[in-house]
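This report concerns only the one structure given below.
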2 protein chains.
Amino acid sequence: MSLVRPSLSSDGMKRTFSERREFMTEDMPASMHFHVVAGGARLFKSLPDGRRQIIGFAHKGDVLPAYPCTRYHYSAEAMRTLQVVCVPAPYLSHLHETSPGACAASLNSARQLLVSLHNRLLMLGRQTARERLATFLLGQGTRMGSGELWPVDPAISRADMADFLGLTTETVSRLLSAFHREQLISRERRAIHILDPDRLRAIVAHPE
Amino acid sequence: MSLVRPSLSSDGMKRTFSERREFMTEDMPASMHFHVVAGGARLFKSLPDGRRQIIGFAHKGDVLPAYPCTRYHYSAEAMRTLQVVCVPAPYLSHLHETSPGACAASLNSARQLLVSLHNRLLMLGRQTARERLATFLLGQGTRMGSGELWPVDPAISRADMADFLGLTTETVSRLLSAFHREQLISRERRAIHILDPDRLRAIVAHPE
DNA sequence: CGCAGTCTTGAAAGCTGTCAATGCAAGTGG
DNA sequence: CCACTTGCATTGACAGCTTTCAAGACTGCG
């Protein structure tokens, strides 16, 4: 989902954050875009009393954009050792003003995000816990479009899944146990493998 | 919602839809952008069993974009008599490729949408029914930024509010009655007026 | 080995949904 | 003008899904 390749050849802007480091918060001035080079990050918003909603996850190639506001509008935390290239906000906006191609690329990726967010609104607003978890597992397990089945990133904890799906860790845990009992998934350590994508898809469409 | 305003002078593509007309559906080829000239529309996604989630409302000046997919990814229905100008998808994409300014404007409005969707994820995932309704009423009642208080659009039914907030009409109705009892709002006919925005804001921040 | 954090599981409570009846307003046709 | 219909809103009783609270179990690590 790389928007632009920042051709700042110098790696003076490259930074590394250790696991759990919250490198972007909602009360920071939004002066930099973060281009993820390695590692992963969770993006989230919080309520004053601590309730947390995960907006999404960022992986290699993704860009966390500083929208033209004074402050970031969500926070980001390294899920493991994270390497980013920091791109000054004015640099990208200048690029957008001068290069239609770069701007169109950013627009396109923004639109893809919009589509996925619309789907998540439907999920959070109208689907049951069981349907949400099945959707999540399919989204994680069948990414890349290929028929290949990937395990869910072990860096994603139960709490992360819960905060992503608008549930509690207990509910997630119980449902994973249920899916395991029903032979839909397997659990080794923290790694979750999808065994029966078709029946998972049936859960998404047909809440029984 | 979307804030691009193409200055397509010709009105040859102008169309009018009557109330409740679903003029854009998820199984229609996405060949047109709809620029709302007058009236209002509800934008929503549905599940096969009929559960519905309202993505947002479109008013005069908004553009419902056909993202570069084969089909629209949500549906739209006129809330009252609706006038739109239909812009062929290739027209806008050509404009974006040639005019950095137009593309930047689209990008900017897409980003504003992203920010508001992130907030709605937090709302749907982590806020209680009471908090959601208070947020909604404030969002409707204090739009335009001014200190002015607007009534909620009477074209928005209880079912619309419920589908926007991920609730049922009964819950919305009960909460409106509670707010009325607490003198937070007044109800005349279908029109809802905000009486005490400060206490509504307190509800959003402090679930008691 | 033992601690700390995470995950799992159980029991009970609570919020919201479901089902159902009533009320209310507007529109229709006699 | 008045029954009658129709659609939406309100309210109540109850059920159910999910959360809350709590106790263990498991894993990784110093």
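Just so it is clear: chains get the letters A, B, ... in the order the sequence lines come, proteins before strands, and each one is counted from 1. Since we're looking at a predicted model, the values are computed, not measured.
- Straight-line distance from the CZ atom of B/Phe179 to the P atom of D/dA9: 17 Å, rounded to whole Å.
- Look at CG on A/Leu124: it is 16 Å from C1' on C/dT16, rounded to the nearest Å.
- Side-chain to base pairing of B/Arg158 with D/dG7: no donor and acceptor N or O lie closer than 3.5 Å to each other.
- In this structure, A/Ser177 reaches the sugar-phosphate backbone alone: every heavy-atom distance under 4.0 Å involves primed, P, OP1 or OP2 atoms, never a base.
- Rounded to the nearest 0.5 angstrom, A/Leu176 CG and A/Leu137 CG are separated by 6.5 Å.
- One atom, NE2 of A/His180, and another, P of C/dC7, lie 16 Å apart when rounded to the nearest Å.
- Contacts of B/Arg174 with the nucleic acid, taken as non-hydrogen atoms under 4.0 Å apart, include base atoms.
- Contacts of A/Ser157 with the nucleic acid, taken as non-hydrogen atoms under 4.0 Å apart, involve only primed sugar atoms and P, OP1 or OP2.
- In the set D/dT18, C/dC7, D/dG28, the nucleotide with an atom closest to the side chain of A/Thr128 is D/dT18.
- Per the geometry, CE belonging to A/Met161 stands 14 Å off P belonging to C/dT6, to the nearest Å.
- Distance CZ (B/Arg51) to P (C/dT16): 18 Å, rounded to an integer number of Å.
- Between A/Phe164 and A/Phe57, the distance from one ring center to the other falls under 6.0 angstrom.
- With DNA chain D read from its 5' end, the first of the two nearest nucleotides for A/Thr168 and A/Arg189 is the one closest to A/Thr168.
- Cation-pi check for A/Arg187 over A/Phe179 is not met; the charged atom does not lie both under 6.0 angstrom from the ring centroid and within 45 degrees of its normal.
- Counting any heavy atom pair closer than 4.0 Å across all strands shown, A/Leu167 reaches sugar-phosphate atoms only and no base atom.
- Checking D/dT11, D/dT19, D/dT10 against every side-chain atom of B/Arg187, the shortest atom distance belongs to D/dT10.
- A/Arg20 comes within 4.0 angstrom of the backbone, heavy atoms only, and of no base.
- Both tests hold for B/Arg52 against B/Phe44: distance to the six-membered ring centre under 6.0 Å, angle to the ring axis within 45°.
- Among the atoms of the strands shown, only primed sugar atoms or phosphate atoms (P, OP1, OP2) are found under 4.0 Å from some heavy atom of A/Arg190.
- The local environment of CZ in A/Arg71 is crowded, with over 12 non-hydrogen atoms from other residues, nucleotides or ligands closer than 6.0 Å.
- Residues B/Arg126 and B/Ile156 both approach DNA chain D. Their nearest nucleotides, taken by heavy-atom distance, put B/Ile156 toward the 5′ side.
- Atom P of nucleotide D/dC8 and atom CD of B/Glu19 are separated by 10 Å, given to the nearest angstrom.
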